[in-house]
Amino acid sequence: MIEGYNFAYLDEQTKRMIRRALLKAVAIPGYQVPFASREMPLPYGWGTGGIQVTAAIVGRSDVLKVIDQGADDTTNAVSIRRLFANTTDVATTERTQDATIIQTRHRIPETPLREGQIMVFQVPIPEPLRWLEPREAETRRMHAHADYSVMHVKLYEDVARYGHIATGYDYPVVVDGRYLMKPSPIPKFDNPKLDRSPALMLFGAGREKRIYAVPPYTAVRSLDFEDHPFRIEKWDESCALCGATDSFLDEIVVDDRNKRMFVCSDSDYCQTRRAHGHGPATDSQEAAE
Amino acid sequence: MIAMQAGFANPVDDAQAAFRAVLDAIARPGRLAHFAAPAELPPGLGRAAAALALTLVDMDTAVWLSPACAPSADWLRFHCSARVAASPSAARFAFANAAECPPLANFDLGTNEYPDQSTTLVLEVPSLASGGSLALRGPGIETVEHVGIAGLPAGFWGQRDMLHELFPRGLDVVFVAGDVALALPRTTRVEG
């Protein structure tokens, strides 16, 4: 543990400000609460929003897990985990079921979350309407009036142009039937995990200075049309390491001859399955050849 | 020389524990949250109310106090650097005794653009219980949560129902009774 910093890096005044924002965010599901985002010892884009949220909630008895694209051992996850180990001395884990706080970039773990767990999402752009309407005053008015027609038009244009809704990640959702929300750049595969989850979901956008939340057991609906219902990604392959057919797969190019393999994006899920004796399906090995 | 009651013995850890308790209470309406600190109480506030003040109130948040809570003003100024607001509508946090609760519409309910600017009301009631006659439904509740909240003034639930029409504007209430708290964010529907 590094001496000379307050517990969890942030000063108490800053934590109080973030905590007030978090309580209002939970009280108004899906609404983006402005907050006075601070400079952090990591650059914007490295999860400073999520870090500030985690710093405001973490306590000595918490067990922290940090993932980046599902993996615990990537640079971003390692850096953030080390920051909190150095400034709080809290226990860290790679096991989803052992964690009380899971900070994440771009994934929700495959292992079902339970009551009492808190997910902290790192958010680059919190405003779902931003690419459709650049003016903050306008998007704020649109949220105030629940005027989300422009998003439906965007999805319709996708259908008209490509024949399907061509959004694979950060797929827009409506929270508790009211606020349009960006679920952060998780694959749409993870959207159903947000719906009525027993865990509390907190979202922090450091550069854009917004915090929002989804309380447990709250309806989160992915936008769609009756004749173009929301569907998640499917793979013909199974994981080349553990044989899972129900997890989100990353496609990895393994040589310069276009040879590819598919593996679980959630490293803890994959390792746990392998520890339980699961291995690659024989036909998937052939497919990888 | 006026004796001033102490705040949190361990400001960092006690505030973190109190925050997680109230975060859980607002995320799961109807669940009881327990507060162990501060050890000494100011005049006019119970333990849960005092813990919430020390955790959330500072020079950026004006506080309104009902007459029964007003004796805590010096303590709030000393420990939280809080400004005391003249009216409920000017306060980010209001501490009130249930019997003295002003009409709910008198608090700041936020705006449609910034509903987060609304007052958080900390309302001291005689007792709180899980498994009472009130049925709660809404975000944070799996199916239904039953609680009992004693000592509320007549018309309180009717006034709260009226606020539902104003969503996303609204009032988030943390009921406190001594060491325990129970929160009803604006989204919670109450029957019975």
Side-chain angles (χ1 to χ4, degrees), chain A residues 6-8 11-13 15-36 56-62 88 100 115-116 118 137 139-146 175-179 196 198-202 211-220, chain B residues 8 10-29 31 52-61 80-81 92-93 110-120 137-145 167-174 183-188:
Chain A
N6 189 26
F7 179 81
D11 59 280
E12 292 300 300
Q13 167 77 22
K15 285 186 198 169
R16 262 195 304 277
M17 173 271 295
I18 295 173
R19 287 167 178 169
R20 289 195 294 261
L22 282 168
L23 295 184
K24 286 300 179 190
V26 175
I28 316 168
Y31 166 75
Q32 301 164 52
V33 182
F35 81 111
I57 64 175
V58 71
R60 295 189 201 274
S61 59
D62 277 312
T88 65
T100 57
E115 229 177 65
I118 301 178
T139 53
R140 197 157 276 282
R141 190 192 56 75
M142 290 155 92
H143 282 294
H145 299 172
V175 182
D176 193 32
R178 176 56 175 83
Y179 276 100
R196 303 190 57 78
L200 171 63
M201 310 277 181
L202 305 176
I211 283 171
Y212 53 103
V214 178
Y217 307 115
T218 300
V220 177
Chain B
F8 282 140
N10 187 339
V12 173
D13 291 336
D14 290 349
Q16 189 273 339
F19 170 69
R20 284 290 283 277
V22 68
L23 176 68
D24 193 54
I26 290 184
R28 298 193 286 177
R31 301 285 185 98
L52 291 174
L54 291 170
T55 304
L56 298 170
V57 173
D58 59 27
M59 63 285 261
D60 292 334
T61 54
C80 307
S81 313
R92 292 298 298 276
F93 288 91
T111 63
N112 285 320
E113 283 77 14
Y114 291 94
D116 58 299
Q117 307 273 308
S118 55
T119 306
T120 300
R137 289 184 177 81
I141 300 166
E142 188 170 11
T143 47
V144 60
E145 194 83 38
F167 189 86
R169 300 175 67 212
L171 188 69
D172 307 309
V173 186
V174 182
L184 293 189
R186 66 193 73 183
T187 49
T188 306

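Bear in mind that the values here come from a model prediction, so they are computed numbers and not experimental data. Every chain is numbered from 1, with letters handed out A, B, ... down the list of sequences.
- Residue Thr188(B) does not touch chain A at all, counting heavy-atom pairs closer than 4.5 Å.
- In this structure, the portion of Asp62(A) lying under 4.5 Å from any heavy atom of chain B is its side chain and not its backbone.
- Among the candidates Met17(A), Glu115(A), Lys15(A), the residue making the largest number of heavy-atom pairs closer than 4.5 Å to chain B is Glu115(A).
- The CZ atom of Arg140(A) sits 8.0 Å away from the OG1 atom of Thr111(B) when rounded to the nearest 0.5 Å.
- Proximity to chain A (any heavy atom under 4.5 Å) is shown, for Asp58(B), by both the backbone and the side chain.
- The residues Arg60(A) and Asp13(B) are annotated as salt-bridged, a charged nitrogen and a carboxylate oxygen being separated by less than 4.0 angstrom.
- No option in Asn112(B), Asp116(B), Thr187(B) other than Asn112(B) meets the side-chain contact (heavy atoms from CB on, under 4.5 Å) test with Pro168(B).
- Only the backbone of Ala56(A) comes within contact range of chain B, with at least one heavy atom under 4.5 Å from a heavy atom of that chain.
- Contact of Val57(B) with chain A is made through the backbone alone, with heavy-atom distances under 4.5 Å.
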Step-by-step salt bridge (Lys or Arg N to Asp or Glu O under 4.0 Å) determination, Arg16(A) to Asp60(B)
CA-CA 10 Å; Arg16(A) 262 195 304 277; Asp60(B) 292 334; over 6 Å; no
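- Residue contact with chain A, scored on non-hydrogen atoms closer than 4.5 Å, involves the backbone of Ile141(B) exclusively.
- Among Thr218(A), Ile28(A), Val33(A), Asp176(A), the residue with the largest count of heavy-atom pairs under 4.5 Å with chain B is Ile28(A).
- Between Phe167(B) and Tyr179(A), the two ring planes are perpendicular [angle over 60°; tilted spans 30° to 60°].
- The candidate with the highest count of non-hydrogen atom pairs below 4.5 Å against chain B, out of His143(A), Arg196(A), Gln13(A), is Gln13(A).
- With rounding to the nearest 0.5 Å, the separation of CG in Leu184(B) from CD1 in Ile26(B) is 10.0 Å.
- Only the side chain of Leu200(A) comes within less than 4.5 Å of a heavy atom of chain B; its backbone N, CA, C and O stay farther away.
- Only the side chain of Phe93(B) comes within less than 4.5 Å of a heavy atom in chain A; its backbone stays farther off.
- For Val58(A), the part lying under 4.5 angstrom from a heavy atom of chain B is the backbone only.
- Ranked by non-hydrogen atom pairs under 4.5 Å with chain A, the options Gly138(B), Gly110(B), Ser118(B) are led by Ser118(B).
- Of the two parts of Pro11(B), only the backbone, made up of N, CA, C and O, holds a non-hydrogen atom closer than 4.5 Å to a non-hydrogen atom of chain A.
- In this structure, Leu202(A) CG and Ile211(A) CD1 are separated by 8.5 Å, a value rounded to the nearest 0.5 Å.
- The heavy-atom pair separating Pro34(A) from Tyr114(B) by the smallest distance is CG-CE2, 4.0 Å.
- Taking OG1 from Thr55(B) and CD from Glu12(A), the interatomic distance works out to 9.5 Å, rounded to the nearest 0.5 Å.
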